[in-house]
Engineer: 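Mind having a look at this structure? Questions to follow.
What you see is a predicted model; the values in this text were computed from it and never measured.
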Amino acid sequence: MAGCRGSLCCCCRWCCCCGERETRTPEELTILGETQEEEDEILPRKDYESLDYDRCINDPYLEVLETMDNKKGRRYEAVKWMMVFAIGVCTGLVGLLVDFFVRLFTQLKFGVVQSSVEECSQKGCLALSLLELLGFNLTFVFLASLLVLIEPVAAGSGIPEIKCYLNGVKVPGIVRLRTLLCKVFGVLFSVAGGLFVGKEGPMIHSGAVVGAGLPQFQSISLRKIQFNFPYFRSDRDKRDFVSAGAAAGVAAAFGAPIGGTLFSLEEGSSFWNQGLTWKVLFCSMSATFTLNFFRSGIQFGSWGSFQLPGLLNFGEFKCSDSDKKCHLWTAMDLGFFVVMGVIGGLLGATFNCLNKRLAKYRMRNVHPKPKLVRVLESLLVSLVTTVVVSVASMVLGECRQMSSSSQVGNGSFQLQVTSEDVNSSIKTFFCPNDTYNDMATLFFNPQESAILQLFHQDGTFSPITLGLFFVLYFLLACWTYGISVPSGLFVPSLLCGAAFGRLVANVLKSYIGLGHIYSGTFALIGASAFLGGVVRMTISLTVILIESTNEITYGLPIMITLMVAKWTGDFFNKGIYDIHVGLRGVPLLEWETEVEMDKLRASDVMEPNLTYVYPHTRIQSLVSILRTTVHHAFPVVTENRGNEKEFMKGNQLISNNIKFKKSSILTRAGEQRRRSQSMKSYPSSELRNVCDEHVAPEEPAEKEDLLQQMLDRRYTPYPNLYPDQSPSEDWTMEERFRPLTFHGLILRSQLVTLLVRGVCYSESQSSASQPRLSYAEMAEDYPRYPDIHDLDLTLLNPRMIVDVTPYMNPSPFTVSPNTHVSQVFNLFRTMGLRHLPVVNAVGEIVGIITRHNLTYEFLQARLRQHYQTL
């Protein structure tokens, strides 16, 4: 590492990606989610929350179940089908909006610039044409950057964030209405601004936001607009709709409803059921045909003809009738496709490695600075891209002879792509009649038109032009992905790969003499190879490309190419989306654990340092726990004093063959003790009773600070603790790890809701006098429950008691301490859990497992500890 300090180079086992390492304290590295290991790996951060995909079977939920019958169940299912249809239609309309304005702005820009170039090529004022192009591009990119400043999560494609959401991680702001608006209008300007980005990735994110927000009938951005819609008030339902919305986004982008369904299954959703498959496919079909209906009507005036299935379609691949030797592909070509898959995997791995290094540089040197710096970076990328495009088109292009089929009409593509579409995008900059500028044809067109040129243009492209175009586009696309504008990666990868494939076809035709080769097929395979090497998708991407080409015979070569590209790329690094997920420190769970992880048990990976509550707990204890911890669920326990003597043995506590070291526990307790000092800033003299109507007012014997008394009692030794008090962060190890019988699990959001609504009773009354909340009342504030720090303490009497048993989940999933990690992982992931208590054979809770305890990095660290103890 010392030899390459201060340099920027690429290292993916076969090359070295290294850069100058900044000197930071361990505390700063922890906050940034980094560590000072050799590979400078970013560890998963612990400030990401998980989503509650598991049902909480408490008393309010059981009351709802008692009122359910088959008629209500069918009504609920019918409403769900109507919602997925509405999501599909709305996603299609979003795609229509994006396509219409991108086409409008692009035609305006290229129309003005092309006229200027043709006029100035004779008058010698090409600098003016360049300034006009710069004016358009910089203006559009500036507007896109401003929208990202309003909502930062609107940057990028959004696919990594949606993948995290469907994996069970709550990414703040990712499915908000403001994010959708900034994403949609931002991608309009970034694509129209000439950046090497696509609109397909943002379409997937937009569909997911529509799926998350539409069934809620409310938005935090529009607080005053609310409807009384009682359905789908849980993360579990929202996850299903987000899956449908993401699939609809793919279907609208590529005209591939089946591919969209498989994309949502393969790349996004971690938890799937058979009933969801039909709904997702129906949603995808709705999006595809909504977009197709309106685009066909607006563009061709033939309403109901369904001629344009998606934002991006490749046209129909078909050999010319005059060429009897032409075949789309032959068995001999499969060998070339495999080699192209290997090269595509290598190129994709290089792209991902360079982009990862750029992303790390931005995280350390751009993002910490004022937001204006991000805008300036976007403008710099736009400036360089515009200058490169202009200079390359004017200087590096070659004048190529138009083929006869291009002049009289090409029969290679019929309904979706006509010969006029391809020929109208041919650029003749600085070239005589019957010739065209091949470099300008690729650079001075929308990216979709350039892809169609490489797929269907019978005219030739110079190998030098294709090589230069590939290198320039590769570098600029890699630099662009990650700047602060909404940007997709599908179209740039397809265009870059198509140039590579067309180059291979030219070499095989011109220098090896293989005249039977169909250039469009090799361009398609090259696009598949490069895209597969970048994103590492297989099943869904195969189906998406087949549906986009409308040619089932391409199924085998595309699948083989994508598999080879993925295997080759995986040998060096991860896919681009997984890389950006890792850079954000998101604790994403993979599909399964590695084989050697089964050497670990649940007791090796669980968190033994528990913060718990009793079934009947004073408000002062609940407030203390909620304000001094960041946990999102708490075990509900009672003390098991009978086993206490067997539990305590000297300086080491042994229970269920689990050994805890005193030092680590005391260190953790010290950290929590410092956080608990914030409680002292809330004087209990301001506390009043929200439940006064249930109790007679009593005069305190002494006018002491009640909250201070509470804090003092938290340091009382174990034998003198009252059963209605909750544990303290400052208990000793013996106090903290005494035997506790497990009764259930209650969420932070549920506890805060109980406090806000005054659900409590006094010592002089029974718990039956406590007010009862319905399921609708418990879920009314979803998805943004009140925060404990926003709670008005003047409304709370710290001596009141809360009975949490009706609202806890009495039957959560649990595992034994001796359960193997693979079983724990499969249970946690497939059931969509957020917390997994570890309970021994006699019903005592000994630890708890969360998402952070099952990440690859955490398991690797515990496995190293396991080897050290052998």
Engineer: Looking at A192 and F105, what are the two nearest heavy atoms and their distance?
Structural biologist: CB-CB, 3.6 Å
Engineer: To the nearest 0.5 angstrom, please state how far the CG atom of L133 sits from the OG1 atom of T386.
Structural biologist: 5.0 Å
Engineer: Any chance CH2 of W479 has more than 12 other-residue heavy atoms, nucleotides or ligands included, within less than 6.0 Å?
Structural biologist: yes
Engineer: Salt bridge or not between E448 and R103? Use side-chain N to carboxylate O under 4.0 Å.
Structural biologist: no
Engineer: Can you measure from OG1 (T521) to CZ (R502) and round to the nearest 0.5 angstrom?
Structural biologist: 11.0 Å
Engineer: So which atom in F443 and which in A392 form the shortest heavy-atom distance, rounded to 0.1 Å?
Structural biologist: CE1-CB, 3.8 Å
Engineer: Does S264 use its side chain to pair, donor to acceptor, with the backbone of A246 at less than 3.5 Å?
Structural biologist: no
Engineer: side-chain contact (heavy atoms from CB on, under 4.5 Å) for R362 and I483? Distances and angles first, verdict last.
Structural biologist: CA-CA 8 Å; R362 289 187 178 108; I483 63 176; 3.3 Å; yes
Engineer: To the nearest 0.5 angstrom, please state how far the CZ atom of R584 sits from the CD1 atom of I579.
Structural biologist: 12.0 Å
Engineer: With rounding to the nearest 0.5 angstrom, report the CD1 to SG distance, I576 to C478.
Structural biologist: 7.5 Å
Engineer: Look at the side chain of Q447 and the backbone N and O of L495, then say whether any donor-acceptor pair between them is shorter than 3.5 Å.
Structural biologist: no
Engineer: Working to the nearest 0.5 angstrom, can you tell me the gap between F263 CZ and L541 CG?
Structural biologist: 10.0 Å
Engineer: Is any side-chain heavy atom of T91 less than 4.5 Å from a side-chain heavy atom of S206?
Structural biologist: no
Engineer: Using a 4.5 Å cut-off on heavy atoms from C-beta on, say whether the side chain of N137 contacts that of K109.
Structural biologist: yes
Engineer: Under the side-chain contact (heavy atoms from CB on, under 4.5 Å) rule, what do L562 and M537 come out as? Steps first, then yes or no, please.
Structural biologist: CA-CA 8 Å; L562 288 175; M537 294 159 52; over 6 Å; no
Engineer: Could you check whether the rings of F351 and F474 sit parallel, tilted or perpendicular, using 30° and 60° as the cut-offs?
Structural biologist: perpendicular
Engineer: Parallel, tilted or perpendicular, judged at 30° and 60°: which one describes the rings of F470 and F530?
Structural biologist: perpendicular
Engineer: Please confirm whether the backbone N or O of N573 pairs with a side-chain atom of R536, one donor and one acceptor, at under 3.5 Å?
Structural biologist: yes
Engineer: State, to 0.1 Å, how close K183 and G158 come at their nearest heavy-atom pair, and which atoms those are.
Structural biologist: NZ-N, 3.5 Å
Engineer: Identify which one of T441, L466, L503 satisfies the side-chain contact (heavy atoms from CB on, under 4.5 Å) criterion when paired with L454.
Structural biologist: L466
Engineer: Test S190 against S487 for side-chain contact (heavy atoms from CB on, under 4.5 Å), laying out the working first.
Structural biologist: CA-CA 7 Å; S190 59; S487 57; 5.5 Å; no
Engineer: What's the shortest heavy-atom distance between V485 and A144, and which atoms?
Structural biologist: CG1-CB, 4.0 Å
Engineer: Return yes if some donor-acceptor pair links the side-chain N/O of T549 with the main-chain N/O of I546 below 3.5 Å, else return no.
Structural biologist: yes
Engineer: For the CZ atom of F522 and the NZ atom of K509, what is their distance to the nearest 0.5 Å?
Structural biologist: 9.5 Å
Engineer: Report the C-alpha distance between V187 and V197 in whole Å, list the side-chain angles of each, state the deciding distance to 0.1 Å, and finish with yes or no for side-chain contact (heavy atoms from CB on, under 4.5 Å).
Structural biologist: CA-CA 9 Å; V187 76; V197 299; 5.8 Å; no
Engineer: On the 0 to 90° scale, with breaks at 30° and 60°, tag the F140-F189 ring pair as parallel, tilted or perpendicular.
Structural biologist: parallel
Engineer: Quick check: closest heavy atoms across V389 and F196, and the distance to 0.1 Å?
Structural biologist: CG2-CZ, 3.9 Å
Engineer: So do K574 and N352 actually touch side chain to side chain, heavy atoms under 4.5 Å?
Structural biologist: no
Engineer: Compute whether any side-chain donor of one residue and acceptor of the other, for S157 and Y481, lie under 3.5 angstrom apart.
Structural biologist: yes
Engineer: Using modelled atom types only, decide if a donor and an acceptor are shared between the side chain of T542 and the backbone of T538 within a distance under 3.5 Å.
Structural biologist: yes
Engineer: Is the backbone of S462 close enough, under 3.5 Å, to the side chain of N506 for a donor and an acceptor to pair up by distance?
Structural biologist: no
Engineer: Restricting to pairs with a member in residues 550-565, which pass salt bridge (Lys or Arg N to Asp or Glu O under 4.0 Å), not counting sequence neighbours?
Structural biologist: none
Engineer: With heavy-atom distances below 4.5 Å as the criterion, would you say the side chains of V191 and V98 are in contact?
Structural biologist: no
Engineer: Looking at residues at least two apart in the chain, or sitting in another chain, which of them share a side-chain hydrogen bond (donor to acceptor under 3.5 Å, both in side chains) with N355?
Structural biologist: H580
Engineer: Side-chain contact test, heavy atoms from C-beta onward, threshold under 4.5 Å: evaluate it for F336 versus I525 and give yes or no.
Structural biologist: no
Engineer: What I'd like to find out is whether the side chain of L545 reaches to under 4.5 Å of the side chain of L494, using heavy atoms alone.
Structural biologist: yes
Engineer: Report yes if some heavy atom in the side chain of F444 is under 4.5 Å from a heavy atom in the side chain of V113; otherwise report no.
Structural biologist: yes
Engineer: Work out which heavy atom in A477 is nearest to a heavy atom in P492; give both atom names and the distance.
Structural biologist: CB-CB, 4.3 Å
Engineer: Hey, does I560 have a side-chain heavy atom less than 4.5 Å from the side chain of F337?
Structural biologist: no
